[in-house]
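Below is one structure, written out as structure tokens; comments come after it.
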Amino acid sequence: MNPSSDSFAPQTSAKPGRTLRPTVFWRIAEDIPKPLNWSLMIASIALPLLLWWVVTALQLVDPKFLPSPGTVLATFQRLISTGELQKDTIASLWRVGVGFSLAALFSIPIGVLMGSFASIRALLEPAFGLMRYMPAPAFIPLLIIYLGIDEAPKIALIFIGVFFFNALMAMDTVKFVPKDLIESTYMLGGDRWQTLTQVIFPHVLPGIIDACRINLAAAWQLVIVAELIAANEGLGRRISYAGRFFKTDEIFVGLIVIGVIGMSLDLFFQYLLRVSCRWSSQRR
Amino acid sequence: MHIEIINLHKHFDTQNGRLVVLKDINMTIEWGEFICAVGASGSGKSTLLRQIAGLDHPSGGEVRIDGEKVTGPGPDRGMVFQHYTLYPWMNVQENAEFGLKLQGIPKNQRRERASYYLDVVGLTSFAKALPKELSGGMKQRVAIARALASEPKVLLMDEPFGALDVHTKETMHEFMLDLWQRTNITVFMITHDVEEAVFLSNRIYALGARPGTVRKEIIVNLPERTHHIKRQSVFHDYRDELMDLMRSHGQEAFAAMAA
Ligand SMILES: Nc1ncnc2c1ncn2[C@@H]1O[C@H](COP(=O)(O)OP(=O)(O)O)[C@@H](O)[C@H]1O
Ligand SMILES: [Mg+2]
């Protein structure tokens, strides 16, 4: 550096004190220490529970409106011992299982075909895009008219709510298959079918599992909505029935069971996702 | 018997009108040669290679292999891309076998052949590794083994070492020469790296840019092919000649852009 440029240094140097300060809690896009991570995760569940307990123990709210954790636990045990809760849970799970599986069975291959072939995409994407914006619960009256009030309309509702979203999300996963990888396959002698089944499909599988995970949450919501309207058993029907008789403790039991099952399904899919993309160099 | 590129012409219709990328390209590749086409970036090298590969169709002219016109991609031409194109969920062995699997070759046979070529590229001990566990140079060696396993007539390479650091690149150059001598494979490689072209090839096509044309054909006669040669004047003469050719292209392109 020559002396003449040195004389400019005081004017051009940046303000002191702009150095980024070290932190643990506020690290952006970085991991925090494991013990802190676990403590925060436990607090995430424990704090609301504690708040609930304090509010009810101090009787800040009429127990008719907000039952205590103890009451809810007792109700939970009663419903288990009579077998009603199991019956409801199985009914809801069965509807989600059938509706979601059917939707996945059709939407995954159709979505992958849409992603792979511009022709099929042009044929289906406008229609699917339109259907996606029609809220599935808006179909309930039609489904009841067409299919009655048994299992069929509930399963159809879940199918409608999952199919279009899942197909479009599966379609999007194909975008991330590098074109070079497809062309390499052609150069190695692969035909289009082989490319589709042996290259594109394995490549998009983790993305599809993730799409299914998100849409399973939607299916789980829809089954409750369907049961709120008409059902003889199911967790949704337990809640609406309990509401009619002001049994807030049963409503709480229903809500908590729905939440716990939903989260378990989510964790299961997260596990599948981790297993299915061990080969990927990025972390998901 | 050879590959002929006859009056090849390629244009793309873009929003800004017609872009002529390749014009009147004539080349021949004899079996057993190592040929490089050298050109600045954007001179249409990849486009040229894609026409030979059959991944794209010429606007005019044709490519013939042993007299037969190229109409689409196939395993008689092995291709190595600049970007890593290994299948990330398959291990090295499965990657090397995959072409043979697609071609319906029985399991025993394809395992044997893939293992042979993994040995040729020196990666036998990595057979069980996943691509993400390999370095860039190793990935390209697997890609080469995968292409060779189909025993193609020609190995087409699109700047295969462009993403590698200088030292790995040098190792790969020596590896390529050794491979070429041992297997008698025909190689057609495109690159913007002049030294790479001089060091590896026995013949060079220097390409002009916008539109891509064959500017000059240079036969490379080097007394030896070790890294010592890079310090000798014969090597420098070839390099400087090519650099001058490319420099004048740069000016042409600049003038064309300014106009
Ligand atoms: N499919 C395409 N459509 C339009 N323009 C293209 C297409 N492919 C290549 N080009 C253009 O052709 C020129 C040459 O490209 P390319 O063959 O990739 O050059 P190189 O490999 O020598 O860098 C570039 O200007 C590029 O933008
Ligand atoms: Mg290129």
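Atom set for the values below is all heavy atoms of this structure, side chains included, hydrogens, waters and symmetry mates excluded. Source: prediction; values computed, not measured.
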Worksheet item: Within 45° of the axis and under 6.0 Å from the centre of the six-membered ring of B:F175, does NZ or CZ of B:R141 qualify?
Response: yes

Worksheet entry | Residue A:T185 versus chain B: region with a heavy atom under 4.5 Å | both

Worksheet item: Which of parallel (below 30°), tilted (30 to 60°) and perpendicular (above 60°) describes B:H173 and B:F161?
Response: perpendicular

Worksheet item: Would you say the side chains of B:T85 and A:D180 form a donor-acceptor pair under 3.5 Å?
Response: no

Response to the item:
Only residue of A:V96, A:L157, A:I160 satisfying side-chain contact (heavy atoms from CB on, under 4.5 Å) with A:L222 is A:L157

Discussion item. Under a 4.5 Å cutoff for heavy-atom pairs, which residue among B:P131, B:G99, B:P75, B:P152 has the most contacts with chain A?
Written reply: B:P75

Worksheet item: Quick one: what part of B:R50 sits under 4.5 Å from any heavy atom of chain A, side chain, backbone, both or neither?
Response: side chain

Worksheet item: Which bit of B:L86 comes within less than 4.5 Å of chain A, counting heavy atoms only: side chain, backbone, both or neither?
Response: backbone

